[in-house]
2 protein chains.
Amino acid sequence: MSERKSETRKRILAAAGRVLAERGPGDPAVAEVMAEAGLTVGGFYAHFASKDALMLEAFRLLLRVRRERLAQVDQSLTGRERRVLLAAFYLSRRHRDDNDERCPLPSSLAEIARLPDGFRQTLAEHIELMTAQMSGAPEEGDVALADLALMIGGLALARALGPGELSDRVLRAAKSAVV
Amino acid sequence: MSERKSETRKRILAAAGRVLAERGPGDPAVAEVMAEAGLTVGGFYAHFASKDALMLEAFRLLLRVRRERLAQVDQSLTGRERRVLLAAFYLSRRHRDDNDERCPLPSSLAEIARLPDGFRQTLAEHIELMTAQMSGAPEEGDVALADLALMIGGLALARALGPGELSDRVLRAAKSAVV
DNA sequence: AATACAATATTACGACCATCATATTAATTT
DNA sequence: AAATTAATATGATGGTCGTAATATTGTATT
């Protein structure tokens with residue numbers, strides 16, 4: 001595989017990641033993803049075996065990048081401090097409204113039950129790794145799990161409500177409920 | 001409108017509610033809803049103006065029924081007691097796995113941003129009414145809001161993970177995090 | 001310059017979808 | 001029994017989708 005081809009592959013993957021994070025793995029059409037990557041639909045199957053394969057790889061990549069970013073916070077912080085810090089970003093209006101760097105979970109969770117098994121496995125692995133990073137000791141695992149649910153639910157709710165007073169209140173309320 | 005026709009209308013509405021609660025308003029096809037109601041697709045547009053109109057009405061109805069059910073719990077309970085009781089049901093394995101009486105929010109939230117405005121308004125109204133029912137005093141509004149986010153996120157996550165150990169842990173962790 | 005590879009535009013297939021129409025049968029009402 | 005209304009089966013329309021093939025143009029490498 002040439003340099004050029006693998007670069008194009010990455011472009012498609014990044015484009016898929018952007019639309020996936022906004023609308024989930026199912027809704028965006030292949031042609032739309034290719035257009036987002038500045039390409040046409042013609043050569044898609046030279047790069048990926050199917051739409052599902054593309055979306056699964058994009059999903060995996062998005063989650064891995066997000067974990068790597070979280071891993072870079074100061075290691076001297078306690079578990080709780082890490083969770084509060086994460087929630088401050090995760091439940092910000094920025095993260096609700098912005099197009100870039102979105103967490104794909106709020107838009108994807110509902111679909112995952114109807115998608116190939118790899119999606120579920122990827123999700124499960126992500127949840128385990130995230131809770132590990134969000135807790136100082138193993139006993140904190142359950143509060144980390146609950147905080148994850150709170151953050152995902154809060155963001156999903158705030159996004160569904162759209163920008164506005166009630167949506168802002170959801171974000172604030174969820175932030176101050178972090179354990 | 002005859003008795004028979006309005007009965008049929010209700011059947012369609014109930015069928016739509018069932019599939020909506022499981023898969024959201026967008027995914028199920030009109031023909032599938034009609035089949036679920038024991039009918040064929042032919043006469044659908046004699047009852048509803050469009051698929052969106054049907055799904056919006058089904059959505060509204062589902063949420064209203066859920067609020068009415070919550071309103072029947074003992075009025076002498078404190079806000080916190082009501083929230084714990086609600087969470088015990090909402091975050092049960094029953095509610096995760098069963099087909100009947102599902103909360104439609106985990107499956108619908110992500111789509112609402114891309115649906116007609118009525119969905120968003122219906123959601124906003126539901127959230128306000130729910131938090132009011134879930135709090136004893138107005139100052140409790142924000143913890144009720146956070147608990148809602150926690151419950152919806154926890155259930156969405158548990159459903160995406162499918163039955164299993166991790167999924168069960170999510171439910172338990174979220175339940176014990178209710179404020 | 002020649003060769004190999006990648007992206008292009010275009011077109012097609014078969015499947016599904018929402019929506020609508022039609023002609024027929026069944027049920028209800030008068 | 002007659003008249004009205006509802007549900008039926010069936011199929012058409014026009015759209016979108018995933019997937020695939022083709023022939024052409026452009027780019028890289030040798």
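Since the structure is predicted, the reported quantities are computational estimates derived from the model, not experimental observations. Reminder, nothing fancy here: chain letters follow the sequence lines and each chain counts from 1.
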Report task. Using only heavy-atom distances, determine whether the side chains of A:Asp74 and A:Ser76 contain a donor-acceptor pair under 3.5 Å. Result -> yes
Query raised in the report: Does B:Arg83 come within less than 4.0 Å of B:Glu140, counting only side-chain N to carboxylate O?
Result: yes
Query raised in the report: Rounded to the Å, how far apart are A:Leu39 CG and D:dT25 P?
Result: 20 Å
Query raised in the report: Backbone N or O of A:Gly162 within a donor-acceptor pair of the A:Ser167 side chain at under 3.5 Å?
Result: yes
Report summary line: Taken to the nearest whole Å, CD1/B:Ile12 to C1'/D:dA6 is 11 Å
**Report entry** B:Thr8 vs D:dA6: side-chain N/O to OP1/OP2 distance below 4.0 Å
**Finding:** no
Return the polar atom pairs (N/O with N/O) between nucleotides 17-20 of chain D and the protein under 3.5 Å, or none.
unit_1: D:dG18; atom_1: OP1; unit_2: A:Lys51; atom_2: NZ; d: 2.8
unit_1: D:dG18; atom_1: OP2; unit_2: A:Val30; atom_2: N; d: 3.1
unit_1: D:dT19; atom_1: OP2; unit_2: A:Tyr45; atom_2: OH; d: 2.6
unit_1: D:dT19; atom_1: OP2; unit_2: A:Lys51; atom_2: N; d: 2.9
unit_1: D:dT19; atom_1: O5'; unit_2: A:Tyr45; atom_2: OH; d: 2.9

Query raised in the report: Hydrophobic cluster mates of A:Leu150, side-chain heavy atoms under 4.5 angstrom, ILVMFWY only, any path?
Result: A:Val84, A:Val178, B:Val84, B:Leu150, B:Val178
Report task. Return yes if a side-chain donor-acceptor contact under 3.5 Å exists between B:His95 and B:Arg102, otherwise no. Result -> no
Query raised in the report: Between the side chains of B:Thr122 and B:Arg60, does any donor sit under 3.5 Å from an acceptor?
Result: yes
Query raised in the report: According to a strict under-4.0 Å criterion, is A:His47 in side-chain N/O contact with OP1 or OP2 of C:dA7?
Result: yes
Requested in this report: Check whether any side-chain nitrogen or oxygen of B:Thr40 sits under 4.0 Å from OP1 or OP2 of D:dA7, and answer yes or no.
Outcome: no
Query - Spacing of B:Glu7 atom CD relative to C:dA27 atom C1', expressed in whole Å - result: 15 Å
